[in-house]
Protein chains: 2
Amino acid sequence: MASSNNKRTRIQGINRGIILDAALEVFSTYGFRGSTIDQIAEKAGMSKPNLLYYFPRKEDIYVTVLENTLEDWLTPFRDIDPDGDPIEELRKYTVHKMKLSALRPESSRLFANEILHGAPAIQEFLKTNLKRLVDEKAGVIKLWISQGKLAPVDPYHLIFMIWATTQHYADFDVQVRAVLPEETTNGDFFDDAADSILNILLNGIRPRHNV
Amino acid sequence: MASSNNKRTRIQGINRGIILDAALEVFSTYGFRGSTIDQIAEKAGMSKPNLLYYFPRKEDIYVTVLENTLEDWLTPFRDIDPDGDPIEELRKYTVHKMKLSALRPESSRLFANEILHGAPAIQEFLKTNLKRLVDEKAGVIKLWISQGKLAPVDPYHLIFMIWATTQHYADFDVQVRAVLPEETTNGDFFDDAADSILNILLNGIRPRHNV
DNA sequence: AAAAAACTTGACTGAATGGTCAAAATGTAG
DNA sequence: CTACATTTTGACCATTCAGTCAAGTTTTTT
């Protein structure tokens, strides 16, 4: 389990980490309103007032967990390298995001839930930080297109398509598993999924020399 | 507003419809736990006990609304025609789903929320009805591929990709609008989005005669 | 136009839950 | 080892909210 600390004492560092790990699990499963402080406290192995000693309000826990997840989610996007080979960079990014969906579905779900309900806690972040970053990467994609290294596609919608598809496997996991043939949901299922969608996606954006 | 009725008296038909319309709005915005019966009753313009006269428990309202939405969501999928042109059929389906995302984002969000939280109310439906339907359509796509009318792609993941991408525009609307350049989120925004993703998707699955 | 059936609601109730508080327990610094 | 700061918790409080109930109002039936 990932932990995060940054504050004062030794005990505070430990306990904040424990609380945030527990909170991620609970919030991502039941949503903000659907989760109770008692639930988180129990999962964290401490009393409710003790938990409230570290995070005075339920919302404080939620916002902190959310901020932590946001970083996981953005790092691979930042890593898209303008100087790399376009197809290879987008392949790497997609694979990375699929890995995250497999490894940390809770983060993805927490985030999805927040957006789904209108992003009350992070709307500002979306409009400033995220927008800035997306604009930047859209610019990179546009450049690649103008260099003939990518088919002429809308960069923003391409980005959305990658986000939507990769996160689908974390957020809609229950549905995916309910629908997919039994034998395909084992072991390297996420790798297979990544291959399949890359097969479609990359052929969809490869420069079109024919016709 | 869409209404549904099927029960006894005239008044019951009317009021159940009003309640379900109100409930869809409330549930899709705040989720099941986040919504209160009072909220729904107020939006429906009646007292809480009156509402409970029609639907004895909160869950009854929720399940009914969910069942209704499920149909909207499946109809265009059923309509994919095995005898049509594959590219054209999948184009039509994708456009149809994008239209639904634009017109009835609440339905999409209600559904997304349900799945996100583990589909407590419709897991059985997913494993039986939905699975059956998806298997059938996957079979159609496989046939198309074997006839050389489509590139060899995994039919299940292709379906997921279309679902994920189209629903993204309803479910993640806040994020999409926060990130997209101001001038592109007006008027025929959803049409533009549909064009963009079809541009990528259809080229990704068109039979590959070159190389 | 009665009588019966269907509908509506104000006033409750009980359980769940976010948050407080004061006192006890534990850890830490000198 | 002692004084001080930090951490921990049982008991509590106030609010919210799903659901009840009994008494009234309206609609339908005859």
Side-chain angles (χ1 to χ4, degrees), chain A residues 3-66 110 113-114 117 120-121, chain B residues 3-66 110 113-114 117 120-121:
Chain A
S3 299
S4 119
N5 59 17
N6 55 347
K7 285 261 160 145
R8 273 158 292 207
T9 78
R10 187 179 61 91
I11 295 180
Q12 263 174 50
I14 295 169
N15 281 352
R16 284 178 61 97
I18 292 174
I19 292 170
L20 292 174
D21 286 343
L24 172 58
E25 249 184 273
V26 175
F27 281 136
S28 71
T29 309
Y30 304 104
F32 180 75
R33 285 287 306 267
S35 306
T36 70
I37 301 185
D38 287 289
Q39 251 177 313
I40 300 172
E42 182 173 7
K43 183 149 284 181
M46 67 184 68
S47 68
K48 178 167 64 168
N50 197 186
L51 184 150
L52 287 165
Y53 170 74
Y54 293 101
F55 296 89
R57 337 209 103 244
K58 186 184 179 185
E59 216 187 311
D60 296 336
I61 318 173
Y62 180 71
V63 171
T64 308
V65 176
L66 202 56
L110 182 77
N113 195 63
E114 166 70 10
H117 295 339
Chain B
S3 298
S4 118
N5 58 19
N6 56 348
K7 287 259 159 149
R8 272 159 292 209
T9 76
R10 187 180 61 90
I11 294 179
Q12 263 174 53
I14 295 169
N15 281 353
R16 284 177 64 97
I18 293 174
I19 292 169
L20 292 174
D21 287 343
L24 171 58
E25 250 184 273
V26 175
F27 280 136
S28 71
T29 308
Y30 304 103
F32 179 75
R33 282 289 305 267
S35 305
T36 70
I37 300 185
D38 287 288
Q39 252 176 311
I40 300 172
E42 182 173 9
K43 184 150 284 182
M46 66 184 69
S47 68
K48 176 165 65 169
N50 196 186
L51 186 150
L52 287 166
Y53 171 75
Y54 292 100
F55 296 89
R57 337 210 102 244
K58 187 185 178 184
E59 216 187 310
D60 297 336
I61 319 174
Y62 179 71
V63 171
T64 307
V65 175
L66 202 56
L110 182 78
N113 195 63
E114 166 70 11
H117 295 338

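Lettering follows sequence order; numbering is per chain, from 1. It should be emphasised that the depicted structure is a prediction, and the values quoted were computed from it without experimental measurement.
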Heavy-atom donor-acceptor pair, A:Lys48 side-chain to C:dG18 base, under 3.5 Å: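 Result: at least one qualifying N/O pair found.
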Measure [atom1]/[X] against [atom2]/[N] and give the value in whole Å, please.
X       : N      : atom1 : atom2 : answer
A:Asp38 : C:dA15 : CG    : C1'   : 13 Å
B:Ile37 : C:dT9  : CD1   : P     : 15 Å
A:Met46 : C:dT26 : CE    : P     : 16 Å
A:Asn50 : C:dA24 : CG    : C1'   : 13 Å
A:Asp60 : C:dG18 : CG    : P     : 13 Å
B:Ile14 : C:dT8  : CD1   : C1'   : 15 Å

C:dA16 OP1/OP2 closer than 4.0 Å to side-chain N/O of A:Thr36: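 Looking at the OP1 and OP2 atoms of C:dA16, neither is under 4.0 Å from any side-chain N or O of A:Thr36.
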Phosphate OP1/OP2 of C:dT17: any B:Arg33 side-chain N/O under 4.0 Å: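 So the side-chain polar atoms of B:Arg33 do come within 4.0 Å of the phosphate oxygens OP1 or OP2 of C:dT17, strictly under.
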CD (B:Glu42) with more than 12 external heavy atoms under 6.0 Å: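 No, not enclosed.
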Most 5' of B:Lys58 and A:Pro49 on DNA chain D, judged by nearest nucleotide: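 That would be A:Pro49.
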B:Phe32 vs A:Tyr53, nearer the 5' end of DNA chain D by closest nucleotide: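 Counting from the 5' end, the first nearest nucleotide belongs to A:Tyr53.
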Plane angle bin for B:Phe27 and B:Phe32 - parallel if under 30°, tilted between 30 and 60°, otherwise perpendicular: parallel
Side chain to side chain contact (heavy atoms under 4.5 Å, CB included) assessment of B:Asn15 paired with B:Leu51: CA-CA 9 Å; B:Asn15 281 353; B:Leu51 186 150; over 6 Å; no
Earlier contact from the 5' end, DNA chain C, for A:Arg10 and A:Arg57: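 The residue closer to the strand's 5' end, by nearest nucleotide, is A:Arg57.
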Sugar-phosphate only, base, or nothing, as touched by B:Tyr54 at under 4.0 Å among non-hydrogen atoms: sugar-phosphate
Sugar-phosphate, base or nothing in reach of B:Ile11, heavy atoms under 4.0 Å: sugar-phosphate
Worked check of side chain to side chain contact (heavy atoms under 4.5 Å, CB included) between A:Val65 and A:Tyr62: CA-CA 5 Å; A:Val65 176; A:Tyr62 180 71; 5.9 Å; no
Chi angles and distances behind the side chain to side chain contact (heavy atoms under 4.5 Å, CB included) call for A:Asp21, A:Glu25: CA-CA 7 Å; A:Asp21 286 343; A:Glu25 249 184 273; over 6 Å; no
Range on DNA chain D touched by chain B, heavy atoms, distance below 4.0 Å: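 Extent of the interface on DNA chain D: D:dC17 to D:dT28.
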Approximate separation, where rounding is to 0.5 Å, of A:Ile19 CD1 and A:Thr64 OG1: 10.0 Å
Atom pair CG/CD of B:Leu66 and B:Glu114 - distance to nearest 0.5 Å: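 If we round to the nearest 0.5 Å, B:Leu66:CG and B:Glu114:CD are 5.0 Å apart.
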